[in-house]
Every structure is written in structure tokens, then in C-alpha cells.
Amino acid sequence: MIDECLVVEVAVTGDDCPLSAAAADCETTVTADPPSLRRDGNALVRCSAPAGEGVAATLDGDDRVRYLHRAAADDRTATGDRAAYRCLSLSPCVVHDLVDVGFMPETLTYRPDGARFAGAVVGREVLQGVMSAAGDRVGVGLERVYPLGGGDAGAAGRFDVTPAQRAAIETATEMGYFGVPKAVTASEVAAELDIGKTAFLERLRRGQAALFEQLFG
């Protein structure tokens with residue numbers, strides 16, 4: 001039995017699936033759940049993007065996209081500043097090549113300069129296979145790797161904070177939210193996390209309060 005499970009983040013460049021193309025064309029960030037691959041090779045996709053960025057028109061005009069549906073405002077997957085979509089893609093993302101060799105995706109983020117996939121693999125041999133699986137199609141780079149539940153997950157991983165609070169703190173830090181001056185706004189960090197601004201600020205405050213209490217309480 002292999003007892004080593006690794007959390008990994010990989011950066012992907014050169015993937016021209018519909019979501020990557022939409023993020024590049026609209027110069028925005030599109031986040032997606034791991035797509036479901038059908039037997040016919042097409043993929044069922046659920047994603048979200050900032051409202052009003054032209055993503056809907058771009059996807060609707062893509063010949064590789066079928067049955068595009070935009071969620072109603074009262075749908076639980078839609079928020080005030082983000083729109084949620086579902087569709088069928090005739091050009092599946094390269095993430096499926098990684099899944100075929102053992103990558104278990106959790107979050108997919110498409111940006112104008114490339115994509116980032118976060119997930120897990122079981123064992124370092126599987127990780128090596130993931131890194132070489134799509135080498136002939138796209139560029140794949142390892143951004144981050146640490147044992148599941150290990151101590152290399154960052155400072156927040158050593159304190160009693162929820163996964164959501166930790167994600168808010170880490171993402172805000174990586175994007176420069178705590179810089180002087182700030183590199184991004186709360187709305188931009190919230191969009192990266194695929195949540196509303198109010199939810200982000202609430203998680204951030206609760207996470208900071210928990211960290212400060214454990215550090216100085």
C-alpha cells in the first residue's frame with residue numbers, strides 16, 4: 001500500500017481548450033470544476049467568470065461549445081459579481097490527459113497567461129507521470145507540492161483555521177492583497193477564489209482572528 005498522497009499545483013501553458021481561449025480573449029479569470037469526460041470524448045463543463053466580461057458571448061461563439069447555459073441569478077452557483085455556466089465541450093481540456101495517469105483535480109483556474117490546476121496524486125511515481133503526460137501538447141510546470149496533511153502547506157497549515165479561511169489567507173498573500181500599496185482589491189481576490197467579496201472578507205477576518213489568537217493569545 002502506498003501511504004504518500006501529495007497535494008500538487010501545476011501551471012499549464014499552450015492549452016487551447018474553450019475555457020483557456022475564453023480567458024485569453026476576454027483577459028479575465030475563468031474557474032471550473034473538474035469536467036466529466038463522456039464516452040464519446042466530449043466533456044461536460046461547469047465554470048464561472050466575472051459577470052459582464054464577455055465570456056458568455058465568447059463561449060457561445062466557439063464552434064467547439066454546445067448547449068451553453070447561463071445560470072439564473074438565484075441559482076446557488078451564481079453570485080452577484082460572477083456568472084455561472086454549463087456546457088458541452090467538443091475540445092476537452094488537457095486536464096484529462098493528466099487524469100489518465102493519476103492526477104485527481106480539485107480546482108481548475110484559467111487565466112490569460114495560462115491555467116493552473118490544483119489536485120492530488122498518490123505517490124511520487126504518479127507525480128512524475130503527470131508531469132510528462134501532456135508534454136507533447138502543452139507546457140506543464142510544477143508550481144507547488146507537499147504531502148497531504150503535512151507541515152509544508154504553509155504557515156496556516158500549522159494553526160487551527162478552516163480550509164476556507166486558509167485558502168483566503170494564502171490567496172490574498174500570493175496576489176499581494178497585504179502589500180503596501182495593495183496589488184489587488186478584495187473583489188479581485190474573491191474572484192480568484194470563486195466566491196463573493198463579502199464571503200472573502202468574512203473568511204479573511206475569521207482566519208486572521210484565529211491566527212492572531214493562537215500566536216498572541
Side-chain angles (χ1 to χ4, degrees), residues 5-13 19-20 22-24 26-34 46-53 55 71 76-85 95 103-120 140-217:
C5 187
L6 303 172
V7 177
V8 299
E9 293 181 8
V10 296
V12 176
T13 56
L19 296 187
S20 287
C26 298
E27 296 186 348
T28 191
T29 298
V30 178
T31 58
D33 293 337
R46 181 168 59 186
C47 65
S48 68
E53 294 288 348
V55 172
R76 66 178 181 82
T77 60
T79 64
D81 55 357
R82 292 186 71 81
Y85 304 95
V95 71
F103 180 61
M104 294 174 280
E106 294 185 4
T107 60
L108 313 178
T109 304
Y110 299 88
R111 300 169 178 162
D113 59 348
R116 177 173 289 189
F117 305 151
V140 180
L142 186 62
E143 293 286 299
R144 193 177 182 202
V145 58
Y146 55 87
L148 182 64
D152 293 334
R158 298 192 293 270
F159 295 92
D160 185 16
V161 295
T162 69
Q165 292 165 0
R166 173 181 153 191
I169 294 170
E170 288 188 344
T171 303
T173 301
E174 292 171 358
M175 296 181 67
Y177 179 75
F178 298 113
V180 181
K182 291 182 178 181
V184 293
T185 65
S187 295
E188 290 172 320
V189 181
E192 178 69 17
L193 291 165
D194 198 17
I195 59 176
K197 175 182 176 181
T198 300
F200 161 66
L201 291 174
E202 178 71 15
R203 294 178 187 181
L204 186 64
R205 292 189 185 104
R206 288 182 180 274
Q208 288 176 316
L211 288 174
F212 294 157
E213 175 65 26
Q214 293 168 71
L215 284 170
F216 306 114

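Keep in mind that what you see is a predicted model, and the values were worked out from it rather than measured.
In this structure, CZ on R205 lies 13.0 Å from CD on Q165, to the nearest 0.5 angstrom. The distance from the CE atom of M104 to the CG atom of L6 is 9.5 Å, given to the nearest 0.5 Å. To the nearest 0.5 Å, atoms CZ (R203) and OG1 (T198) are separated by 11.5 Å. For the atom pair L193 CG and T29 OG1, the distance stands at 11.0 Å (nearest 0.5 Å). Atom OG1 of residue T185 and atom CZ of residue F200 lie 9.0 Å apart, to the nearest 0.5 angstrom. Once rounded to the nearest 0.5 Å, the distance linking CD of Q208 with CG of L201 reads 9.5 Å.
Closest of all the heavy-atom pairs between Y177 and V184 is CD1-O, 3.7 Å. Taking each heavy atom of P34 and E106 in turn, the nearest pair found is CD-O, 3.6 Å. In this structure, F103 and P105 approach most closely via the heavy-atom pair O-CD, 3.3 Å. For the residue pair A23 and P112, the shortest heavy atom distance occurs at O-CG, 3.6 Å. Taking both residues in full, the closest heavy atoms of A22 and V55 are given as CB-CG1, 4.4 Å, listed atom of the first, atom of the second, then distance. Heavy atoms only, all atoms of each residue included: F178 and A172 are closest at CE1-CB, 3.7 Å.
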Query raised in the report: Given the rule in the side-chain contact (heavy atoms from CB on, under 4.5 Å) test, do T31 and L108 qualify, once you have shown the distances and angles that lead to the verdict?
Result: CA-CA 6 Å; T31 58; L108 313 178; over 6 Å; no
Report task. Would you please test V140 and F117 for side-chain contact (heavy atoms from CB on, under 4.5 Å) and show each step? Result -> CA-CA 10 Å; V140 180; F117 305 151; over 6 Å; no
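Residue E27 places its CD atom among 12 or fewer non-hydrogen atoms of other residues, nucleotides or ligands, all under 6.0 Å distant.
The side chain to side chain contact (heavy atoms under 4.5 Å, CB included) test with V189 singles out one residue from K197, K182, M175, and that residue is M175.
Ionic pairing of E192 and R116 is not present here: no N-O contact between side-chain nitrogen and carboxylate oxygen is shorter than 4.0 angstrom.
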